[in-house]
Amino acid sequence: MTETYVDAAEARTFLLGADWLTDRERAARLAEAESEIRATGAYHHTREELERGAKLAWRNHARCVGRLHWKALRVIDRREVTTAEEVFEACVEHLRTATNGGILRPVITVFAPRRPDGGEIRIWNTQLIRYAGYRLPDGTVRGDPLHIRLTETAQALGWPGPGGAFDVLPLIVRMPGERPRWFDLPADAVLEVPLTHPEFDWFAELCLRWHAVPAISDMRMEIGGVDYPACPFSGWYVGYEIGARNLADHDRYDVLPRVAARMRLDTSRDDTLWKDRALVELNRAVLHSFRRAGVHLVDHHTVTRQFVTHEAREQSSGYALSADKEWITPPLSACTTPVYRRTYTDLRARPNFYHQPAAW
Ligand code: ARG
């Protein structure tokens with residue numbers, strides 16, 4: 001295994017920013033962490049450092065449009081966990097805490113950091129809740145095409161794979177030096193919303209649904225030079241993530257042609273705007289269904305307005321805002337939202353969340 005010592009300069013930068021300590025405490029803490037790094041190659045964050053660091057990682061993450069709520073993040077410290085079962089159970093606990101009967105709460109569950117010898121815990125799923133995708137003999141796909149490889153991986157590990165369009169994949173956990181193991185999520189930990197439309201009765205017959213909690217589970221959080229390769233985190237959905245991407249993208253569920261057919265739209269030419277019309281109705285269905293089910297989510301007008309509020313707050317507190325325009329701008333009706341004419345820069349501030357190579 002490669003040795004992955006903590007970068008002392010990063011630790012120093014983070015700890016020097018510890019504004020919750022007095023000057024004297026901060027100097028002592030820094031000296032302590034530096035000697036721990038010299039002796040062991042790493043240092044342990046205090047609970048407070050973990051909590052502050054995780055909130056800052058969210059605050060600094062340029063792609064997230066939902067950062068108005070960064071201070072409300074609940075940080076669940078599970079660094080003590082050593083078995084795959086315990087990781088799985090903590091993830092189930094994460095889902096229950098985050099779901100909260102539909103009144104979603106932003107939560108991060110943090111498992112042990114990467115060790116100096118390179119040993120790390122990894123969750124193979126990109127999110128705690130993901131739908132399987134099955135390639136059928138005729139070349140078509142049933143389920144979510146984005147997860148064909150993860151589905152095949154789960155099947156290779158022994159997961160039966162019922163073959164439906166919305167099968168929740170098992171959680172695949174790999175502990176350092178062990179084989180990956182899979183665990184079925186209990187149904188009562190996975191809140192889902194079947195989709196209906198405020199006017200079109202036929203919409204329910206499309207049998208579409210989505211899960212309530214988007215819980216990213218494959219990103220690495222870095223705080224002061226320490227890497228946390230397993231740290232599932234979740235907030236709530238923006239309607240368009242489901243209605244304009246997951247269900248609409250040609251290489252995902254691709255339902256626009258089916259919606260347009262039921263709406264009896266002329267799909268023979270692009271300039272009838274059948275895609276646009278179907279897209280709006282699909283997004284109305286998502287917002288309507290979640291609201292009716294009492295599951296929190298936000299529409300693109302509201303979330304971008306909240307983002308501009310966040311921007312103003314950061315400005316008045318003197319904190320430099322990082323943002324990636326391409327990710328902040330909604331995929332539909334962009335020009336009707338307040339972020340459309342603004343410019344942003346990604347300052348790549350740390351702490352932050354990073355993509356890491358797939359573990360499998
Ligand atoms: N776009 C991803 C999905 O559709 C979720 C990303 C995180 N989103 C969020 N609202 N926290 O599943």
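Basis for what follows: all heavy atoms, side chains included, without hydrogens, waters or symmetry-related copies. Numbering of ligands and ligand atoms starts at 1, following listing order. When a residue number appears, it is its place in the shown sequence, counting from 1.
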Checklist entry - Between the side chains of Tyr134 and Asp167, does any donor sit under 3.5 Å from an acceptor? => result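 There is such a pair between these side chains.
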Checklist entry - Just checking, is any N or O donor in the side chain of Tyr43 or Glu49 under 3.5 Å from an acceptor N or O on the other one? => result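 No, Glu49 and Tyr43 have no side-chain donor paired with an acceptor closer than 3.5 Å.
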Checklist entry - For ligand 1, what are the residues with a heavy-atom contact below 4.0 Å? => result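 Ligand 1 is contacted, at a heavy-atom distance under 4.0 Å, by Gln127, Arg130, Pro214, Ile216, Trp236, Tyr237, Glu241, Asn246.
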Checklist entry - Got a sec, which hydrophobics cluster with Val107, joining ILVMFWY side chains under 4.5 Å apart, including via others? => result Ile76
Checklist entry - What heavy-atom pair brings Ala358 and Arg122 nearest, and what distance separates the two atoms? => result C-NH2, 3.9 Å
Next on the checklist: Applying ring pair (Phe, Tyr, Trp, His ring centres under 6.0 Å) as the test, list every pair that has at least one member in residues 79-105; sequence neighbours left out.
Outcome noted: Phe88-Phe183
Item to check | Pairwise ring pair (Phe, Tyr, Trp, His ring centres under 6.0 Å) hits with a residue in residues 323-349, at least two apart | outcome: Phe307-Tyr344
